[in-house]
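Residue numbers run from 1 in the order of the sequence given. Worth knowing before you read on, the calculation uses all heavy atoms, side chains too, and leaves out hydrogens, waters and symmetry mates.
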Amino acid sequence: MVLIIDTETTGLSGYPKDRVLEIGIAELEEGSVRPVYSEIIRYSDIAEFDRKYVNPDGSEGIWIYRNSDLRIEDTLDAAKDAEAVAAEVREIVSGREVTSYNVPFDFGKFLYREPWNLKELCSVPYDIMELATKRVYSLAEEDMIPDKALQDRLLREREESYHPNKWIRSIDAYRALCPEDSMGLEGMRHRAIDDAVMEGWILRTLLKN
């Protein structure tokens, strides 16, 4: 049994510059993945925060509001603030094995920090992204990914990056490891809970193999 956490954030820098806007938790148990928790977090000052936000590439405004169906209004109208959501998350993960797709980001930059403070509460035994990257490249090198266009792109991008273990995005790992898409996840919105469930199925495949 393991919990998978996914966060949607204002940016990539982490605490204290950035905030968690949404969090989703899925559970992998006995070969099945199910969603267990999903919350958008309320920030009353998010409109002003968005107006002042500058991304590392110089663009302005919070990326996720312009590239998903999450809106500023959702943040303003959310039922719970960060402290309330953090308290619920701490209760769920306490004493459990927990992971994510990119542990240094989700945990290192956010969930080990205020107001989450998860470091002493749970065990994080591995990073799904690290495991998936190794497995997908191994399959690609053996010409065993059914989607040959995906396989060729992943190998090409790795070569162009000059990094032998260039991290593979979760959606690409899912397409490579779960080509049958038995759960219909390709049609999901790829918000926090959607991604947590998808990453749970990636982990299920990795552990099964």
Side-chain angles (χ1 to χ4, degrees), residues 1-9 12 20-40 63-64 67-70 89 92-93 96-107 111 122-161 163-209:
M1 182 188 299
V2 62
L3 297 174
I4 301 95
I5 294 184
D6 189 88
T7 61
E8 300 297 344
T9 68
L12 303 178
V20 175
L21 296 174
E22 184 179 36
I23 190 164
I25 305 176
E27 181 181 68
L28 169 60
E29 182 179 17
E30 296 182 352
S32 181
V33 181
R34 67 182 184 93
V36 297
Y37 185 82
S38 177
E39 285 289 347
I40 299 171
W63 183 90
I64 193 171
N67 292 274
S68 80
D69 63 356
L70 183 66
V89 169
I92 292 169
V93 307
R96 305 284 297 275
E97 283 197 347
V98 186
T99 187
S100 74
Y101 200 93
N102 195 348
V103 166
F105 178 77
D106 292 300
F107 286 86
L111 299 179
C122 57
S123 169
V124 184
Y126 43 74
D127 184 338
I128 300 173
M129 183 172 69
E130 182 177 350
L131 299 176
T133 294
K134 292 178 180 178
R135 178 62 177 161
V136 170
Y137 281 140
S138 176
L139 291 172
E141 289 163 357
E142 296 171 11
D143 193 25
M144 293 180 64
I145 295 178
D147 185 338
K148 298 309 176 187
L150 172 64
Q151 177 174 280
D152 292 345
R153 176 171 62 80
L154 293 176
L155 291 175
R156 183 179 68 254
E157 289 176 351
R158 181 179 67 169
E159 182 178 358
E160 292 172 350
S161 75
H163 195 294
N165 291 305
K166 179 183 181 298
W167 299 122
I168 291 177
R169 296 185 309 145
S170 58
I171 185 60
D172 287 336
Y174 178 74
R175 289 168 176 160
L177 297 171
C178 309
E180 70 283 355
D181 189 25
S182 59
M183 300 305 295
L185 300 185
E186 283 281 9
M188 298 176 79
R189 299 171 301 156
H190 299 298
R191 293 268 298 276
I193 190 59
D194 300 331
D195 286 349
V197 170
M198 179 178 69
E199 291 149 10
W201 282 97
I202 294 171
L203 180 59
R204 173 184 179 273
T205 301
L206 290 166
L207 297 178
K208 181 179 178 181
N209 293 332

Carboxylate-amine/guanidinium contact Asp194 Arg191, below 4.0 Å | no

CG on Leu150 to CG on Asp172, rounded to 0.5 Å | 5.5 Å

Euclidean distance, Ile168 CD1 relative to Ile202 CD1, rounded to 0.5 Å | 10.0 Å

Which heavy-atom pair separates Thr205 from Cys178 by the least distance, and what is that distance?
-> OG1-SG, 3.3 Å

Taking all non-hydrogen atoms of both residues, which atom of His163 and which atom of Arg158 are closest, and how far apart?
-> O-CG, 3.2 Å

State whether the number of non-hydrogen atoms from other residues, nucleotides or ligands found under 6.0 Å of Lys148 atom NZ is greater than 12.
-> yes

Under 3.5 Å, side chain of Thr99 to main-chain N/O of Tyr126, donor-acceptor pair present?
-> yes

Determine the minimum heavy-atom distance between Val197 and Val33, stating which atoms define it.
-> O-CG1, 3.7 Å

Is there side-chain contact between Tyr37 and Leu3, with at least one heavy-atom pair below 4.5 Å?
-> no

Minimal non-hydrogen separation, Gly200 against Leu28, with atom names = O-CD2, 4.2 Å

Please report the C-alpha distance between Phe107 and Val124 in whole Å, then the side-chain angles of each, then the deciding distance to 0.1 Å, and finally whether the side-chain contact (heavy atoms from CB on, under 4.5 Å) criterion is met.
-> CA-CA 9 Å; Phe107 286 86; Val124 184; 4.0 Å; yes

Taking the side chain as C-beta and beyond, is there a heavy-atom pair between Arg96 and Met1 under 4.5 Å?
-> yes

Indicate yes or no for a side-chain donor-acceptor contact from Asp152 to the backbone of Ala149 under 3.5 Å, with no hydrogens or angles considered.
-> no

Minimal heavy-atom distance between Val93 and Cys122, with the atoms involved, is O-CB, 3.5 Å

Answer yes when Glu157 and Arg169 have at least one side-chain N-carboxylate O distance shorter than 4.0 Å, and no when they do not.
-> no

Taking Arg34 for the side chain and Glu27 for the main chain, is one N or O donor matched with an acceptor at less than 3.5 Å?
-> no

Does Glu39 reach the side chain of Val89, with side-chain heavy atoms less than 4.5 Å apart?
-> no

If you take all heavy atoms of Met198 and Ile171, which pair is closest and at what distance?
-> SD-CD1, 3.8 Å

Counting heavy atoms not belonging to Glu29, are there more than 12 under 6.0 Å from its CD?
-> yes

Separation between CG of Leu177 and CH2 of Trp201, rounded to the nearest 0.5 Å = 13.5 Å

In terms of heavy-atom contacts, does CD of Glu30 have more than 12 from other residues, nucleotides or ligands at under 6.0 Å?
-> no

Main-chain N/O of Met129 paired with Thr133 side-chain donor or acceptor, under 3.5 Å | yes

Whether Asp6 side chain and Ile193 backbone form a donor-acceptor pair below 3.5 Å = no

Side-chain H-bond candidate by donor/acceptor type, Thr7 with Asp106, under 3.5 Å | yes

One should read off an interatomic distance between Tyr137 OH and Lys166 NZ, to the nearest 0.5 angstrom, of 5.5 Å

Please examine the side chains of Ser170 and Asn102, heavy atoms only from C-beta on, and report whether any two atoms are closer than 4.5 Å.
-> no

Enter the distance from Ile40:CD1 to Leu21:CG here, rounded to the nearest 0.5 Å.
-> 9.0 Å

